[in-house]
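Here the structure comes first, spelled out in structure tokens, and everything after it is commentary.
The figures that follow rest on heavy atoms only: side chains count, while hydrogens, waters and symmetry mates do not. Residue numbers begin at 1 in each chain, while the letters A, B, ... track the order of the sequences. In this text, all values refer to a predicted model and were calculated from it rather than measured experimentally.
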Number of protein chains: 2
Amino acid sequence: MSNLLKIQEVTENMIRIGGYNSFSFREIADKVGIKSSSVHYHFPTKVDLSVAVARRYTDTFMSILEEAKPSSITIEESLNSYINLFEKALKEDCKMCLCGLLAAESLNLPEELKKEVQRFFNLNIKWLGEKFLQHADVQNDPELAEAKAVFLISALEGAMLTSQVNNKNEMFDMTIQQLRALLKF
Amino acid sequence: MSNLLKIQEVTENMIRIGGYNSFSFREIADKVGIKSSSVHYHFPTKVDLSVAVARRYTDTFMSILEEAKPSSITIEESLNSYINLFEKALKEDCKMCLCGLLAAESLNLPEELKKEVQRFFNLNIKWLGEKFLQHADVQNDPELAEAKAVFLISALEGAMLTSQVNNKNEMFDMTIQQLRALLKF
DNA sequence: GTCTATAATTTGATAGAC
DNA sequence: GTCTATCAAATTATAGAC
């Protein structure tokens, strides 16, 4: 695998563990097996590197969502596959959502990076909103669909944060169970 | 106001803006109007300072909850006052919940500080669980009460993060509206 | 309690050789 | 594309005077 890819992968993991202020070029370089000046060759500044990693994260996230999309699929299946993405991030990667963590510290983020994190949320809300529009309970009410979308992504990001700090994946499961019961799917 | 209090107040604000790695003793000192060595006099290490601030945050938070507690109060009123605490933090302080932000970066936190953040969540879940136990829908099922408690605090923390990064308080309102409709209060 | 002074380390970033 | 070498600034923390 190319060093450019390794750099992005290592950086993604470090941001997902401790946020924007928790990694340095030297640490990244050590984990990749190169020198910090080589990291600067690929990404001149810390903002450049972080924005690239956030963009990659969002693009991968959305492309996974779009993949399983033979429109024959039901709304319930769509929501399940959406929830599964978060569940996998928490239980397999054992880390926060990259954009969730960055959103929490967004007041302290370089504007360029904050914009990229907003893109993650906008795309997610748009995707979810379209799914909810098909749901029986929503009945072609775009505002209600958006409200449910905002509610769902918020609950999922919050559930990750809650269960991570308490070291209890069951807390994530509890929230999903409540969500399913309340949203009826 | 004493410098000791000023230090804690300034630190709380800085953590709520950018997390554990976003503040330095010099910055704190500058904002208080003293020198960084004077901050070290009150709090020898960064962990000491952060733990004290987190403890103070949780204690204040819980004492506000306990205050309005003449047991004549209804479950609906209890939940409303709980939600109001988060809403005020977001809309008046214009910042994240201190323990919410620290929870997001908990994998990178000193163990002592992480423990203190866990205390915030445990106390909140306990308080909410007791309220839900009185709710008609729960019917003396402690596990269901706890599940609803975990669900509610997760949704609120997530809603803060989502609406903060998007600069849209309406997103918080949307989530509350959904919560009320779904939890029926 | 607050100050000056300072130590030891880490940080983001650059210049220039290969 | 990666390296060595280096810089200026910032970081946590301590010693000791007042």
Original post:
Cationic tip of B:Lys35 within the cone over B:Tyr41's six-membered ring, i.e. under 6.0 Å and within 45° of the normal?
Top reply: no
In whole Å, what is the span from the [atom1] atom of [X] to the [atom2] atom of [N]?
X: B:Ile34; N: C:dT2; atom1: CD1; atom2: P; answer: 6 Å
X: B:Ile28; N: C:dT2; atom1: CD1; atom2: P; answer: 15 Å
X: B:Phe25; N: D:dA9; atom1: CZ; atom2: P; answer: 23 Å
X: B:Arg26; N: C:dT4; atom1: CZ; atom2: P; answer: 12 Å
X: B:Asp30; N: D:dA9; atom1: CG; atom2: P; answer: 16 Å
X: B:Phe23; N: D:dA10; atom1: CZ; atom2: P; answer: 18 Å
X: B:Asn3; N: C:dC3; atom1: CG; atom2: C1'; answer: 13 Å
X: A:Lys35; N: C:dA17; atom1: NZ; atom2: P; answer: 20 Å

**OP:** Kindly state which residues belonging to residues 36-46 of chain B come within less than 4.0 angstrom of DNA chain C, counting heavy atoms of the residue only, listed by number.
**Re:** B:Ser37, B:Ser38, B:Tyr41, B:His42
**OP:** Using only heavy-atom distances, determine whether the side chains of A:Asn124 and A:Tyr82 contain a donor-acceptor pair under 3.5 Å.
**Re:** yes
Subject >> Residues B:Lys91, B:Asp173: salt bridge by 4.0 Å N-O rule >> reply: yes
